[in-house]
There are 2 protein chains.
Amino acid sequence: MLRLSKLTDYAVVVLSRLEQDGAVVGGRVQTAPGLAISTGMAEPTVSKVLKILGQAGLVEGVRGARGGYRLARPLHAMPLAEVIVAFDGPIALTACVDGSVNACETEDHCPVRGRWDPVNDAIRHALSGITVADLSTPAGCAPMRAAASIMNLMAE
Amino acid sequence: MLRLSKLTDYAVVVLSRLEQDGAVVGGRVQTAPGLAISTGMAEPTVSKVLKILGQAGLVEGVRGARGGYRLARPLHAMPLAEVIVAFDGPIALTACVDGSVNACETEDHCPVRGRWDPVNDAIRHALSGITVADLSTPAGCAPMRAAASIMNLMAE
DNA sequence: TTAAACAGGACAGAAAAGGTACTATTTGCC
DNA sequence: GGCAAATAGTACCTTTTCTGTCCTGTTTAA
């Protein structure tokens with residue numbers, strides 16, 4: 001139906017892990033290699049996720065030796081929509097969107113112009129109440145080999 | 001953010017056009033070539049859209065000479081979600097969601113597993129109130145700079 | 001000075017989407 | 001009965017996008 005990037009899912013995992021590791025606001029930092037190990041994901045992939053999260057202002061990167069990442073905000077103050085936007089970009093309903101403005105000029109038949117906006121708004125509204133904290137499990141959750149599983153799933 | 005197939009958009013156009021042409025329940029039928037002309041889309045593409053809509057039970061195909069398509073239901077009784085499902089499949093937020101339950105045997109380790117469900121539900125709920133009729137405009141439709149705007153949004 | 005770690009960009013392989021073409025089947029009409 | 005129109009289904013090729021990885025540069029604690 002609607003597709004999210006896998007990186008978005010990874011991001012939630014990484015963010016959850018950061019919180020579990022105490023890499024929170026004002027806390028100590030966690031390195032990308034460390035997160036790669038604890039999440040079971042490949043290190044370059046974790047790095048990529050963290051870089052994007054950093055650009056989005058969701059995590060704070062500390063450079064240099066003894067550097068790493070920590071959450072820029074508590075997860076419960078981090079709207080899921082921000083994560084999605086960071087990885088998937090703003091709502092993009094393909095279609096009339098595809099260049100060729102001139103091709104569309106001749107078509108005053110198209111009854112759909114701009115009509116997806118209510119849908120987009122509805123989805124944004126639906127997402128507005130959800131934070132990353134709502135997607136991360138409580139403490140009891142053990143480290144995840146899941147990443148490997150996820151990759152297997154991807155393989156299909 | 002969230003991506004829909006182009007065909008989904010085409011479908012809304014075609015459905016709207018069918019209604020405009022009076023190809024409604026119990027009405028006359030409209031042919032795929034005819035719809036291609038009136039919508040400005042390529043004929044094979046229109047055919048593809050109509051076939052899928054037919055399989056989804058949203059339009060009724062009449063075979064043979066003088067055949068064509070008509071709406072299986074009024075647009076206001078046609079949830080947009082059904083159209084989306086027909087073209088984009090059920091909600092599939094990354095890996096864990098679609099199929100292959102057994103591949104995720106270590107599911108109790110995955111902090112995210114099943115956690116996207118609330119998101120999916122929220123989106124489904126948001127869409128549940130929207131019908132195709134809500135997306136089809138009355139006759140005098142404005143040209144599309146809106147599409148260009150959307151495109152710019154996407155581009156970033 | 002060195003090493004650890006982030007930052008940024010670039011790239012090849014893989015997957016999916018988009019569009020098209022071809023064939024088979026059905027059915028109204030002469 | 002035959003022809004033509006139109007849907008139904010399938011398969012294919014091209015293009016685009018995604019994914020994951022690598023490389024180089026920059027920063028900074030020890």
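To find a chain, count down the sequence lines: A is the first, B the second, and so on, and within it residues start at 1.
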Review point. Going hydrophobic residue to hydrophobic residue with side-chain gaps under 4.5 angstrom, can you get from B/Val29 over to B/Val46?
Key: no

Using only side-chain N and O atoms of [X], determine if any of them is under 4.0 Å from OP1 or OP2 of [N].
| X | N | result |
| --- | --- | --- |
| B/Thr31 | D/dA5 | no |
| A/Tyr69 | C/dA7 | yes |
| B/Ser5 | C/dG18 | yes |
| A/Gln30 | C/dA5 | no |
| A/Tyr10 | D/dT19 | no |

Which whole-number value in Å describes the distance from [X] [atom1] to [N] [atom2]?
| X | N | atom1 | atom2 | result |
| --- | --- | --- | --- | --- |
| A/Lys6 | C/dA14 | NZ | P | 15 Å |
| A/Glu43 | D/dC23 | CD | P | 13 Å |
| A/Leu7 | D/dG20 | CG | C1' | 9 Å |
| B/Phe87 | C/dA16 | CZ | C1' | 17 Å |
| A/Leu35 | C/dA5 | CG | P | 12 Å |
| B/Asp9 | C/dG18 | CG | P | 11 Å |
| A/Lys48 | D/dT21 | NZ | P | 10 Å |

Of all the choices, [options], which nucleotide is nearest to the side chain of [X] once you look at every atom?
| X | options | answer |
| --- | --- | --- |
| A/Lys51 | C/dC29, D/dC22, D/dT28 | D/dC22 |
| A/Ala32 | C/dG19, D/dA29, C/dC6 | C/dC6 |
| A/Pro44 | D/dC22, C/dG18, D/dT10 | D/dC22 |
| B/Ala42 | C/dG8, C/dT20, D/dT21 | C/dT20 |
| A/Ala65 | D/dT7, C/dA3, C/dT20 | C/dA3 |
| A/Gln55 | D/dT28, D/dT19, C/dG8 | C/dG8 |

Give a yes or no on whether the backbone of [Y] and the side-chain of [X] come within a donor-acceptor separation of less than 3.5 Å.
| X | Y | result |
| --- | --- | --- |
| B/Thr45 | B/Met41 | no |
| B/Arg70 | B/Val25 | no |
| B/Thr8 | B/Leu4 | no |

**Study point:** Under-4.0 Å salt bridge between A/Glu82 and A/Arg73
**Key:** yes

Study note, to complete from the structure: Whichever of B/Leu50 and A/Gly64 has the more 5' nearest nucleotide on DNA chain D, that residue is B/Leu50

Check your understanding: What about B/Arg63: does its side chain form a donor-acceptor pair under 3.5 Å with the base of C/dT25?
Key -> yes

Exercise for review: Answer with base, sugar-phosphate or nothing: what part of the nucleic acid does A/Gly54 contact at a heavy-atom distance below 4.0 Å?
Suggested key: nothing

